[in-house]
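This one's a predicted model, so the numbers in the text were calculated from it and none came from an experiment. In what follows, residues are counted from 1 in the order of the sequence shown.
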Amino acid sequence: MRSPNIWEHPATYEIENRAADPDGLIEAAMAAIAPWDGRDLLDLGCGTGFHLPRWAESGHGAARSVVGVEPHAGLVAIARRRVRALSAVTVVQGSATALPLAPASVDVVHVRWAYFFGPGCEPGLRELDRVVRRGGTAFVVDNDPTRSTFGTWFRRGYPDIDPDVVEPFWLSRGWQRERLTIRWEFDSRADLEAVVGIEFDPTTAAWILAHHQGTGVDYAVNLWWRHF
């Protein structure tokens with residue numbers, strides 16, 4: 001699945017990554033459900049590898065090995081440069097529907113705003129069934145359009161994504177949910193405006209920026225997870 005925000009604007013997406021969840025609520029919730037200390041972790045759709053060092057050097061415990069999988073060759077190159085000094089981390093090119101990994105080879109999977117958006121992602125779910133060891137856990141971080149200021153923006157910009165369809169999709173397949181309210185917090189208004197510009201169409205972006213002041217926003221997410 002093509003991701004025009006990071007594929008076409010990796011530098012701006014780096015700003016977004018730095019601004020998203022500065023309090024570390026997502027990683028803390030993951031660690032409470034399934035710690036990755038001493039385990040093998042897959043970061044699926046890792047992009048430029050922003051989160052890869054966190055899994056290898058995290059305050060929540062260091063994974064035994066970390067593999068980042070990313071379909072875009074240019075982003076794979078950036079991610080490899082980012083982690084070249086980390087011997088426990090590798091980056092490979094591949095897709096969620098055909099993971100370049102052996103069966104039962106990972107314990108924890110992290111997917112953040114990549115591919116797994118509800119109906120249509122069944123081929124990727126089958127690949128998770130193949131590569132996650134029994135006793136392992138997969139996490140999918142996605143937007144919750146039913147709550148928060150950002151949720152209002154998301155509903156306006158992506159009206160075709162219906163939470164009344166997406167949420168039953170996950171629940172009916174045995175996934176559980178942690179509702180989290182994180183935040184975006186940017187260093188400047190210009191940074192916020194740039195990121196809004198790559199995440200929304202021009203009309204929606206203009207409406208957001210006309211109605212929202214400051215450099216931050218409250219942001220609701222669903223942390224979907226499943227034990228295997």
Worksheet item: Does Arg134 use its side chain to pair, donor to acceptor, with the backbone of Val132 at less than 3.5 Å?
Response: yes
Worksheet, complete the sentence: Taking every heavy atom of Val108 against every heavy atom of Ala34, the minimum-distance pair comes out as CG2-O, 4.4 Å
Discussion item. Can you confirm if the NZ or CZ of Arg226 lies within 45° of the ring axis of Phe228 and under 6.0 Å from the centre of its six-membered ring?
Written reply: yes
Item to complete: Of all the heavy-atom pairs spanning Ala56 and Val66, show the shortest one and how long it is.
Response: N-CG2, 4.1 Å
Worksheet entry | Contact check, side chains of Phe150 and Arg183, non-hydrogen atoms, under 4.5 Å | no
Fill in: Nearest heavy atoms of Val76 and Val92, plus distance in Å
CG2-O, 4.3 Å
Practice prompt. For residues Ala220 and Ser148, report the shortest heavy-atom separation together with the two atoms involved.
Written response: N-OG, 3.0 Å
Item to complete: Inspect the surroundings of CG in Asp187 and state if more than 12 heavy atoms from other residues, nucleotides or ligands are less than 6.0 Å away.
Response: no
Worksheet item: What is the distance from atom CG of Asp43 to atom NE2 of His51, rounded to the nearest 0.5 Å?
Response: 7.5 Å
Worksheet item: Within a strict 4.5 Å, meaning less than it, do heavy atoms of the Arg179 and Asn222 side chains meet?
Response: yes
Item to complete: Determine whether Leu42 and Leu101 make a side-chain contact, defined as any pair of heavy atoms from C-beta on separated by less than 4.5 Å.
Response: yes
Discussion item. Do Ile33 and Gln176 make a side-chain contact, defined as non-hydrogen atoms from C-beta onward lying under 4.5 Å apart?
Written reply: no
Practice prompt. Indicate if Ile15 and Leu52 have the same hydrophobic cluster label, given that clusters are the connected sets of ILVMFWY residues with side-chain heavy-atom separations under 4.5 angstrom.
Written response: yes
Worksheet item: Hey, what do you get for CD (Glu16) to CH2 (Trp184), rounding to the nearest 0.5 Å?
Response: 4.5 Å
Worksheet item: So, Asn143 side chain and Pro145 main chain: donor-acceptor pair closer than 3.5 Å or not?
Response: no
Discussion item. Once rounded to the nearest 0.5 Å, what's the spacing between atom OG of Ser95 and atom CD of Glu70?
Written reply: 10.5 Å
Worksheet item: Is it true that Leu86 and Phe50 fall in one hydrophobic cluster, defined by side-chain heavy atoms closer than 4.5 Å?
Response: no
Practice prompt. Measure the shortest side-chain to side-chain distance between Arg147 and Asp218 over non-hydrogen atoms and say whether it is less than 4.5 angstrom.
Written response: no
Practice prompt. Please answer whether the main-chain N or O of Ile26 pairs with a side-chain N or O of Asp21 as donor and acceptor at a distance below 3.5 Å.
Written response: yes
Worksheet item: Can you find a pair of side-chain heavy atoms, one from Ile6 and one from His72, that are under 4.5 Å apart?
Response: no
Worksheet item: Which value, rounded to the nearest 0.5 Å, describes the distance between Arg189 atom CZ and His212 atom NE2?
Response: 6.5 Å
Discussion item. Looking at every heavy atom in both Val165 and Pro119, which two are closest together, and how far apart are they?
Written reply: CG1-CG, 3.7 Å
Worksheet item: So, does Arg64 use its side chain to make a donor-acceptor pair with the main chain of Asp40 at under 3.5 Å?
Response: no
Practice prompt. Taking atom types as modelled, find out whether Thr97 and Glu127 have a side-chain donor-acceptor pair closer than 3.5 angstrom.
Written response: no
Worksheet item: Looking at Tyr219, Tyr13, Phe154, which hits ring-ring contact (aromatic ring centres under 6.0 Å, His included) with Trp113?
Response: Tyr219
Worksheet item: So among Trp55, Phe139, Phe116, which one has a ring-ring contact (aromatic ring centres under 6.0 Å, His included) with His110?
Response: Trp55
Item to complete: Please determine if Glu27 and Arg112 form a salt bridge, counting it only when a charged side-chain N lies under 4.0 Å from a carboxylate O.
Response: yes
Item to complete: Supply the atom-to-atom distance Leu223 CG to Asp144 CG, rounded to the nearest 0.5 angstrom.
Response: 11.5 Å
Worksheet item: Short question: side chain of Asp201, backbone of Thr203 - any donor-acceptor pair under 3.5 Å?
Response: yes
Discussion item. So does Thr48 get a backbone contact from the side chain of Arg82, meaning a donor-acceptor N/O pair under 3.5 Å?
Written reply: yes
Worksheet item: Does Arg130 use its side chain to pair, donor to acceptor, with the backbone of Arg126 at less than 3.5 Å?
Response: no
Worksheet item: Passes side-chain contact (heavy atoms from CB on, under 4.5 Å), Asp107 versus Trp36? Steps please.
Response: CA-CA 8 Å; Asp107 301 299; Trp36 52 89; over 6 Å; no
Worksheet item: So, do Val111 and Asp142 sit near enough that their side-chain heavy atoms are less than 4.5 Å apart?
Response: no
Fill in: Smallest separation among heavy atoms of Tyr115 and Gly120, with atom names
OH-O, 3.9 Å
Worksheet item: Going from CE on Met30 to CG on Leu41, what distance comes out if it is rounded to the nearest 0.5 angstrom?
Response: 6.5 Å
Discussion item. A side-chain contact here means heavy atoms from C-beta on lying under 4.5 Å apart; do Trp153 and Trp207 qualify?
Written reply: yes
